[in-house]
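First comes the structure, then the notes that go with it.
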Amino acid sequence: MVRAGVPMQPNQYRDARLDKLEKLKALGLDVWPRKAQRTHGLAELAATYADAEAWPNEKLEGLGLSVSVMGRVLTIREMGKSVFAHLTENGEKVQAFFRMNDMSEAAWETLKLLDMGDFISVTGPLMRTKTGELSVRVKELQFLSKALLPLPEKWHGLQDKEQRYRQRYLDLISNGDVLKTFQTRSRIVSAVRRFMEEQGYLEVETPMMQPIPGGATARPFITHHNALDMDLYLRIAPELYLKRLIVGGFEKVFEINRNFRNEGLSQRHNPEFTMMEFYAAGQDLRDMMALTEGLVSSLAKDVVGSETLPWGEQEISYAAPFRRLTMKDAIAEYGHLDRHLLEDGDCVRTFAKAAHIEDVEKKTVGTLLGDLFEHYAEKQLIQPTFITDYPIELSPLTKTLEGDDRFVDRFELFIGGMELANAYSELNDPIDQMGRFQAQMDERESGNDEAMLLDQDFITSLEHGFPPCGGEGIGIDRLVMLLTNSASIRDVILFPLMRPHSAERGESPAKQEDAT
RNA sequence: GGGCCCUUAGCUCAGCGGUAGAGCAGCGGCCUUUUAAGCCGUUGGCCGCGGGUUCAAAUCCCGCAGGGCCCA
């Protein structure tokens with residue numbers, strides 16, 4: 001737990017460190033220097049001389065090389081007239097070896113004012129200790145930043161989840177895997193961009209503040225623009241804007257950015273989350289499938305290092321091709337239901353009641369199929385599986401299947417029991433699209449406040465001509481969860497949404513008097 | 001939204017009606033190749049917050065706050 005104001009309250013740790021800070025100042029040292037003395041990055045140094053056989057102690061000492069590296073002090077082992085400390089930077093560790101005989105008397109005195117958590121720079125020759133650990137034999141010590149507060153416990157790290165999320169920096173410092181996970185996230189996002197660019201896609205940016213929130217079914221966040229005196233919505237999806245770009249002549253576009261959905265939090269949901277959406281003129285669902293398999297399997301192999309990765313107690317194979325299953329086949333298989341009976345609306349209703357789905361009488365057969373799928377199949381789809389042939393009611397922006405206009409040419413990709421991606425052969429008939437919006441408006445009338453809103457300007461853009469087009473969204477946070485074996489979305493979002501403590505919670509900004 | 005669980009020292013955790021504890025960290029000693037260094041000594045607490053029950057509450061009951069897990 002984090003109590004309001006703790007860091008400012010005097011405590012024995014802070015007081016002791018303030019005292020040391022004063023002593024350093026009294027010695028005439030610049031305690032907050034403007035620049036660190038460094039000749040090498042710590043990681044670079046560790047990597048270059050990691051090999052103990054290629055770089056035995058004699059060879060290292062023989063180099064006649066004096067290095068300066070900076071890092072945060074993680075541990076200190078005092079042994080009278082010699083001291084060992086581990087410095088860390090960017091997840092790498094290098095040991096500093098301080099020996100009274102190696103240092104000036106003044107430098108040795110300042111060493112007594114060193115605490116765990118401080119940033120320092122050490123200068124001296126490289127060496128290897130008796131046990132073979134690469135170390136800097138310190139001749140000079142420069143203080144770069146004095147930590148006034150103590151680090152979490154060095155062995156167990158920071159365990160309290162609440163504090164880990166609220167003070168992520170402490171989590172990153174003291175739990176090594178956490179830093180690694182977020183470094184992997186960066187590499188994944190960067191590899192995704194590279195992959196898309198190699199496929200000829202251009203990255204674009206479209207509005208995050210929209211007058212009509214479209215492209216998905218979800219409750220939006222509302223905000224207000226003062227000068228224009230109009231309400232705006234944080235986007236729930238960029239879809240309708242990216243499609244306008246296809247109308248405008250872009251062949252292939254993608255966007256990686258945040259979407260906002262005003263819904264509950266869970267292990268798989270954060271109100272703001274990162275999505276990649278992309279559209280390719282002239283393509284259809286099959287092309288989207290091929291691209292998705294290529295992307296996901298190459299990320300597993302090239303970024304993480306294997307096409308088979310652990311997922312909790314299980315293993316997931318990311319080798320292409322992924323399994324393909326229609327929604328009805330998935331319901332039949334995982335619900336152990338007779339596949340033929342799913343063609344019969346009354347039977348579907350009976351199954352839905354048996355599965356304790358709510359408001360069965362009010363819902364259409366297509367909606368119930370979606371519910372049954374969620375109920376029976378979704379969580380069990382651990383290995384990558386494309387689910388196809390979605391009911392039209394659930395898919396207002398998708399072309400129907402050839403020869404069956406109750407279903408649409410859409411897939412969702414499930415991995416680890418989670419929806420990872422959602423793709424369509426995009427509906428490009430403006431008349432049909434208008435009808436679908438009408439149906440959504442009717443839904444909304446009858447109380448479904450997640451039904452889509454009519455975006456007339458989007459319809460107008462379609463009327464100017466929208467080519468056949470494949471489109472898809474991939475949830476980046478969930479992708480990172482899968483590739484880093486993280487059970488919660490909060491473990492792959494640096495600063496997940498948290499409710500403030502009541503003591504810290506002021507008046508809601510939205511309710512405050514307008515300061516302008 | 002419903003259910004279950006958690007909140008004790010800076011951190012990791014015991015204690016579950018009868019004097020608030022341990023390890024790490026801190027402080028003071030010893031120790032010139034340590035690896036969670038070791039050894040000796042020692043400081044540190046609104047036991048999340050507010051009510052109640054009781055001779056007595058960290059412990060039992062109720063409410064509130066924050067968090068976690070499961071279900072919808």
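Residue numbering restarts at 1 for every chain, and letters A, B, ... go by the order of the sequence lines. Computed from a prediction, not measured in an experiment: that's the story for all the values here.
The residues A:Lys146 and A:Asp118 are annotated as salt-bridged, a charged nitrogen and a carboxylate oxygen being separated by less than 4.0 angstrom. Salt bridge A:Lys353/A:Glu361: present, at least one basic N to carboxylate O contact under 4.0 Å. A salt bridge links A:Glu450 to A:Arg219: one of the charged nitrogens lies within less than 4.0 Å of a carboxylate oxygen. Using a 4.0 Å cut-off between charged nitrogen and carboxylate oxygen, A:Glu412 and A:Arg410 count as a salt-bridge pair. Electrostatic pairing of A:Lys328 and A:Glu343 counts as a salt bridge here, judged by a charged N lying under 4.0 Å from a carboxylate O. For A:Arg38 and A:Glu89, the salt-bridge test passes: some basic side-chain N is under 4.0 Å from an acidic carboxylate O.
The interatomic distance linking A:Asp115 (CG) with B:C27 (C1') rounds to 11 Å, in whole Å. The distance from atom CD of A:Glu358 to atom C1' of B:C71 is 12 Å, rounded to the nearest whole Å. When the P atom of B:G68 is taken as reference, atom CG of A:Asn270 falls 11 Å away, rounded to whole Å.
Mapping A:Lys379 and A:Leu497 onto RNA chain B via the closest heavy atom, the residue that lands nearer the 5' end is A:Leu497. In this structure, A:His156 and A:Gln95 both approach RNA chain B, and ranking their closest nucleotides by distance from the 5' end singles out A:His156.
Once the 5.5 Å centre distance and the 30° plane angle are applied, the aromatic ring of A:Trp155 is found stacked with the base of B:A36.
B:G15 and B:A22: their P atoms are spaced 15 Å apart (whole Å). Comparing B:A9 with B:C47, their P atoms sit 9 Å apart, to the nearest whole Å. As rounded to the nearest Å, B:U54 and B:C70 have C1' atoms that lie 36 Å from one another. Straight-line distance between the C1' atoms of B:G28 and B:U8: roughly 28 Å, to the nearest whole Å. Only the C1' atoms considered, B:G18 is 39 Å distant from B:G2, to the nearest whole Å. As rounded to the nearest Å, B:G48 and B:G1 have P atoms that lie 26 Å from one another. B:C16 and B:C5: their C1' atoms are spaced 15 Å apart (whole Å). The C1' atoms of B:C46 and B:G50 are separated by 12 Å, rounded to the nearest whole Å.
For A:Gln12, whose side chain is taken as the heavy atoms from C-beta onward, the closest listed nucleotide among B:G66, B:G26, B:U35 is B:G26. For A:Met116, counting side-chain heavy atoms from C-beta on, the closest listed nucleotide (B:U34, B:G10, B:G26) is B:G26. Here the nucleotide nearest the side chain of A:Gln159, chosen from B:U35, B:U33, B:U12, is B:U12.
Nucleotide B:A65: paired with B:U7 (Watson-Crick or G-U wobble, both distances less than 3.5 Å).
Contact annotation: A:Arg490 reaches the phosphate of B:C69 (side-chain N/O to OP1 or OP2, under 4.0 Å). The side chain of A:Lys20 contributes an N or O atom lying less than 4.0 Å from OP1 or OP2 of B:C27. Put simply, A:Lys154 has a side-chain N or O that comes within less than 4.0 Å of OP1 or OP2 on B:A25. In this structure, A:Arg77 does not reach the B:U34 phosphate: none of its side-chain N or O atoms is under 4.0 Å from OP1 or OP2. A sub-4.0 Å separation between OP1 or OP2 of B:C69 and a side-chain N or O of A:Gln267 is present. Contact annotation: A:Gln163 reaches the phosphate of B:C11 (side-chain N/O to OP1 or OP2, under 4.0 Å). Regarding contacts with the backbone of B:G67, a side-chain N or O of A:Arg499 is found under 4.0 angstrom from either OP1 or OP2.
The one candidate from A:Val480, A:Val189, A:Leu179, A:Thr484 that meets the side chain to side chain contact (heavy atoms under 4.5 Å, CB included) condition with A:Thr184 is A:Thr484.
Listed by residue number, the members of residues 78-87 of chain A with any heavy atom below 4.0 angstrom from RNA chain B are A:Glu78, A:Met79, A:Gly80, A:Lys81, A:Ser82, A:Phe84, A:His86.
A parallel orientation is assigned to the rings of A:Phe97 and A:Phe84, their planes being inclined by less than 30° (bins at 30° and 60°).
Residues A:Phe414 and A:Phe373 bring their aromatic ring centres within 6.0 Å.
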